[in-house]
Each structure stands twice: as structure tokens, then as C-alpha cells.
A.B. asks: 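The structure under discussion is supplied below as C-alpha cells; questions concerning it will follow.
The structure displayed is predicted, hence computed values, not measured ones. We number each residue from 1, following the sequence as shown.
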Amino acid sequence: MAKTAAKKPVRSSVRPRRPEPALLFGDRWEYDPAPETADPRLQARYELFINGRFVAPRTGRYFDSLNPANERKLAEIALAGEADVDAAYAAAQRAFPAWSRLPGAERGKYLFRIARLLQDRAREFAVAETMDNGKPIRETRDFDLPMAAAHFFYHAGWADKLEHLAPGRKVAPLGVVGQVIPWNFPLLMLAWKLAPALAAGNTVVLKPAETTSITCLKLATILQDAGLPPGVVNFVTGAGETGARVVAHPAAAKVAFTGSTEVGKAILRSLAGTEKKLTLELGGKAANIILEDAPLDQAVEGIVNGIFFNQGHVCCAGSRLLVQEPVAEAVLAKLRRRIATLRVGDPMDKNTDVGAINSRAQLRRIAALVESGVREGAELYQPACALPAKGYYFRPSVFSGVTMSHRIAREEIFGPVLSVLTFRTVDEAIEKANNTAYGLSAGVWTDKGSRILRMAAELKAGVVWANTYNKFDPASPFGGYKESGFGREGGRHGLLDYVRAV
Ligand code: NAD
């Protein structure tokens, strides 16, 4: 007689999950204010820095630099006109022969001294940068200043090793380099531009952004203290018109521009047909991709860092979050809980996570794009947090239900605004990530190493971070594809853009 096996009840090996404890501290107690008190040693008025000296502009005109955290005037900045830009280029041309012939080890010593002096005055510079830019003191103190010094140190090391830059080929500096930088990392962008140009033996005319000139002009005092020969570095201040003069000047052998894609395109058009070398570091709309096997708590920290660092005024900000469908709800819930703990407000308070938007104009741009997101049907989440009555502030914002056709999924917002989209397969994630005019950076969060390698190869982005975000190193080249520009900054590749083969 055949035995019939008694049917055993099927037991699941998966235990029911216990609800996760929420690690919430930020809303449990109020922090005492922790204001930074170091003296930024600001002057009431800043002149141009030409031929090693501070000189009044020949235009006779000045403009105000405001503190975006309270709209108070910080200082008057000289407005450089045509004659001033000419004088800066003339000084840089005069300084070029001696500077370029200096043994590399000697040039390296100047760069090393600049780095050391910057470290010595780091706190003073951090405070000045926070007041001029609006970013939290925690960031200027722990990121902008150490990174700026690191770029000078790194390039000091290259100055006497240029024969190893392009093995088998001799290289020479280009001549006078014209550089124009934006306001989001004023001192750091300046270090990215200045350090490789000087290490390679070029001389420089640089224009900082009109809303953030102060740390550039403070750095001029460090150049003086380092004994840098007059004319090797010249700073001209002003807005777009001054920038256009720096770019168009016939004495510029190379132009290096960091800023918006719109201005980058205009520069590219204006330089067509000339022999000037050009590098463009432009905008971005990076995808930060969360796969279902990712460590979600770490990923949420990476998302927050990716979009709310520096109020989202970051070219490589992870402004498009792509989440795999099975974990989308869980990620959104954790994200909302986390951003409710962000402290928004006075950038000079050491507790502040999100500071002030750099200018009224930028605040308006952000608000207009957020309105477009709401109008086009995306769902907006903003934590309830009180904003200071004066100054330019914007609440951390997360849009869910975003589609690829929404403006907030396509245009660079350059503010604390995240657009969340979902995907089902890895192929779909790659396609959506690459479906943009930009190609500066991307992030991938997954437990699986082989998937990271595959996605890094297929994502059309200059930088791909895996299980982290916004990590920088002077030895690592940074730059974009497509409308994010061309050329690299940092590392051996960055230096190659400042030399020619001979
Ligand atoms: P912006 O293009 O308006 O200005 C950048 C600089 O160019 C400023 O100094 C400005 O005065 C100057 N300028 C303006 N018009 C000019 C002209 N016609 N000719 C020459 N110079 C001119 O950009 P922004 O608003 O200051 O900066 C934000 C942009 O910078 C964002 O798009 C951001 O993504 C980009 N950015 C890119 C990188 C990168 O490495 N790719 C880094 C930081 C910022």
C-alpha cells in the first residue's frame, strides 16, 4: 500500500521584520546657538590686484558685495574696465618669461608657501567665505579651506616633475591664461584654476564671480606674503562684461571657464577660429541611482549630501534621484524623516546644515523652477522649518512623482531641490540617467561590485561615485561630457590642459 506523506505546514524562513528604530535626534531638543566668532578681517573696500599691487580701477567705479545671510553690505569691490584688463594682461605678459624659466622646484616652493599660508589663515578665510557666499561655516571650515590648500600642496609636488606629465614628450607652458570662475566655491574654484596654471609655468589673469570676490582678493595678500613675483597672478573684479573682456583678450593663450552652460556656449562661439586653448567646466543634472540591494540608510545620507551640500549650489549635485521601484517608498519615507532634521538658517552658526542662497537672483530662479514643478503636477515635500526673516533662504525640497519631461528633471536648478524618479531595471536606470544634455557626474548605490563596474562604464558622466557622493581629491581629474563641458581639472589630466607639447 502506497504511503501518502503527511503534508507538513510550509514554514517561511523569513522572519517578520521588526519595525526599524528611527534614529531621530534633531527634533528632540533645541540646540544652543554656536556662532563662529573668528575675525574675517574684512576691508571696507577692495581694489584690483595687478602686478603684485592693489590698484584703484581706471573706471573709478565700485560695486557692493552683500552678505546673503542678512542682506547687509560687506564691502565695495572695484569694477574693472577695458583698460584694467589690458593692464592685468600686460603685467602677466611681462612676468611670463622669468616665471616660466624658473626651475620647477622653485615654482613648487611658491605653491607650497601659498598652501601653508592659507592653512595658517584658514579660519579667517572660512569666516570671510561664509559671509560672502552664504554657505555654512561647517562647510567652509571643513571642506572649502582644506581642499583649497590641498590643491596648492598637490600642484607644488608636480612643479618639478613636469617631464613625467606626458612620457616621451617635452612640454612647455602656454603663456598667459585667462580664467573666469563662479560663486558656488569661490576660493576652491580659484585654487583649482590657479594651482595647475602656476605649477606648469603660466601666468594668470583671473576674474572671480561678482557676488563672491572677497576671498580672491584676500588671497592676493597671501600671494604677496609668499613673495610671488609681481604680475604672475592678477585679479580683476566685475561682472559678465569684465569676464567677456578677460576671455576675449588677444594676449590670452588659453581660457579656462567654470560657470553656466549658457555662458560657456557663448565663450565657445566667441573663441572659434582663434588659436586659444579652451577648457569649459559647466553645469550638470546628475543622477544619483539607488538600487534595491543598496544599504538604504547610507544611501539616504548620500542623497542628502548629494543635494543639500552647499544649498545644492554644486555643479555635480545629485539633483535627480533614481530609485528602484521596490524600495522607492521606503527611501522616500527615510528621506523625508531625515530632511526634517536639517537645520536651515544662519550660516555662521556651527550647527547649521543648510545656509543662505547666494543671491536674490538665484533665489528667484530656484523658486520659479519649483513653481514649474508644482504646476506640471509633481508632488512637493518641504519640512516645516522657520526661516530667518532677513536674507535669502529656501527650504530643502523633494519632488516625487517626477517624469522625464518635467522641467525640474531636465534643467539645472542649482538649489536645494531634489527630483525623484523611479525605475525597474538597471538598463532603464542607465537610460534615464544618460537622457540629459549634461554629463558631469553620477552616483550608484548597490551591494554588488560587478554592477557598479558595469554602470560606471555605461553612465555618460565624467565622475561616477559608488556608495558615496561628493568625494573630491586634487589627484583625481574632474570634468564633464556633452553640455557639462570639456577638459579636466585636477590630477595629471588637469595639468595637461595647461601645457603644450614642444
Ligand atoms: P555664470 O556663467 O553666470 O557665471 C560664471 C562666471 O562667468 C562669473 O564670474 C560671471 O561674472 C562670468 N560671466 C558671466 N557672463 C560672462 C561672459 N559673457 N563672458 C565671460 N564671463 C562671463 O555662472 P554662475 O551662475 O556664476 O555659476 C553657476 C554655474 O556654474 C552652474 O551652472 C554650475 O553648474 C557651474 N559650475 C560648474 C562647475 C564644474 O566644475 N563643471 C563648478 C562650479 C560651477
A.B. asks: Mind listing the side-chain donor-acceptor pairs of residues 244-253 below 3.5 Å, one per line with the distance, residues two or more places apart or on another chain?
C.D. replies:
residue	atom	partner	partner atom	Å
His249	ND1	Ala251	N	3.1
His249	NE2	Asp86	OD1	2.8

A.B. asks: Mind checking side-chain hydrogen bond (donor to acceptor under 3.5 Å, both in side chains) for Asn435 and listing every partner two or more places apart, or none if nothing turns up?
C.D. replies: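 Asn435 satisfies side-chain hydrogen bond (donor to acceptor under 3.5 Å, both in side chains) with no residue once adjacent residues are dropped.
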
A.B. asks: Under the side-chain hydrogen bond (donor to acceptor under 3.5 Å, both in side chains) test, which residues partner Glu489, sequence neighbours left out?
C.D. replies: Lys193

A.B. asks: Taking only residues two or more places apart in sequence or in another chain, which ones pass side-chain contact (heavy atoms from CB on, under 4.5 Å) with Glu428?
C.D. replies: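 Checked Glu428 against side-chain contact (heavy atoms from CB on, under 4.5 Å); matches are Phe423, Arg424, Thr425, Lys432.
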
A.B. asks: Taking only residues at least two apart or on different chains, which pairs with a member in residues 483-502 satisfy ring pair (Phe, Tyr, Trp, His ring centres under 6.0 Å)?
C.D. replies: none

A.B. asks: Applying side-chain contact (heavy atoms from CB on, under 4.5 Å), name anything that partners Glu47, two or more places apart in sequence or on another chain.
C.D. replies: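 Once residues adjacent in sequence are excluded, the partners of Glu47 under the side-chain contact (heavy atoms from CB on, under 4.5 Å) criterion are Arg45, Phe54, Ala56, Pro57, Tyr62, Ala78.
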
A.B. asks: Could you pull out all residues at least two apart from Ala166 that satisfy side-chain contact (heavy atoms from CB on, under 4.5 Å)?
C.D. replies: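 With neighbours one apart ignored, the set is Arg169, Val171, Leu496.
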
A.B. asks: Which side-chain N or O atoms in residues 471-482 pair as donor and acceptor under 3.5 Å with protein atoms at least two apart or in another chain?
C.D. replies:
residue	atom	partner	partner atom	Å
Asp473	OD1	Ala475	N	2.8
Lys482	NZ	Asn434	O	3.1
Lys482	NZ	Thr436	O	2.8

A.B. asks: With a cut-off of 3.5 Å and sequence neighbours excluded, list every side-chain donor-acceptor pair involving residues 144-159.
C.D. replies:
residue	atom	partner	partner atom	Å
Asp144	OD2	Lys135	NZ	2.7
His151	NE2	Trp192	NE1	3.0
Tyr154	OH	Trp158	NE1	2.8
His155	ND1	His151	O	2.9

A.B. asks: How are the rings of Phe185 and Phe143 set to each other: parallel, tilted or perpendicular (split at 30° and 60°)?
C.D. replies: perpendicular

A.B. asks: Holding to salt bridge (Lys or Arg N to Asp or Glu O under 4.0 Å), I want the full list of residues that pass it with Asp120, two or more places apart in sequence or in another chain.
C.D. replies: Arg116

A.B. asks: Holding to side-chain contact (heavy atoms from CB on, under 4.5 Å), I want the full list of residues that pass it with Leu363, two or more places apart in sequence or in another chain.
C.D. replies: Ile357, Tyr392, Phe394

A.B. asks: Using ring-ring contact (aromatic ring centres under 6.0 Å, His included) as the criterion, list what pairs up with His406, not counting sequence neighbours.
C.D. replies: none

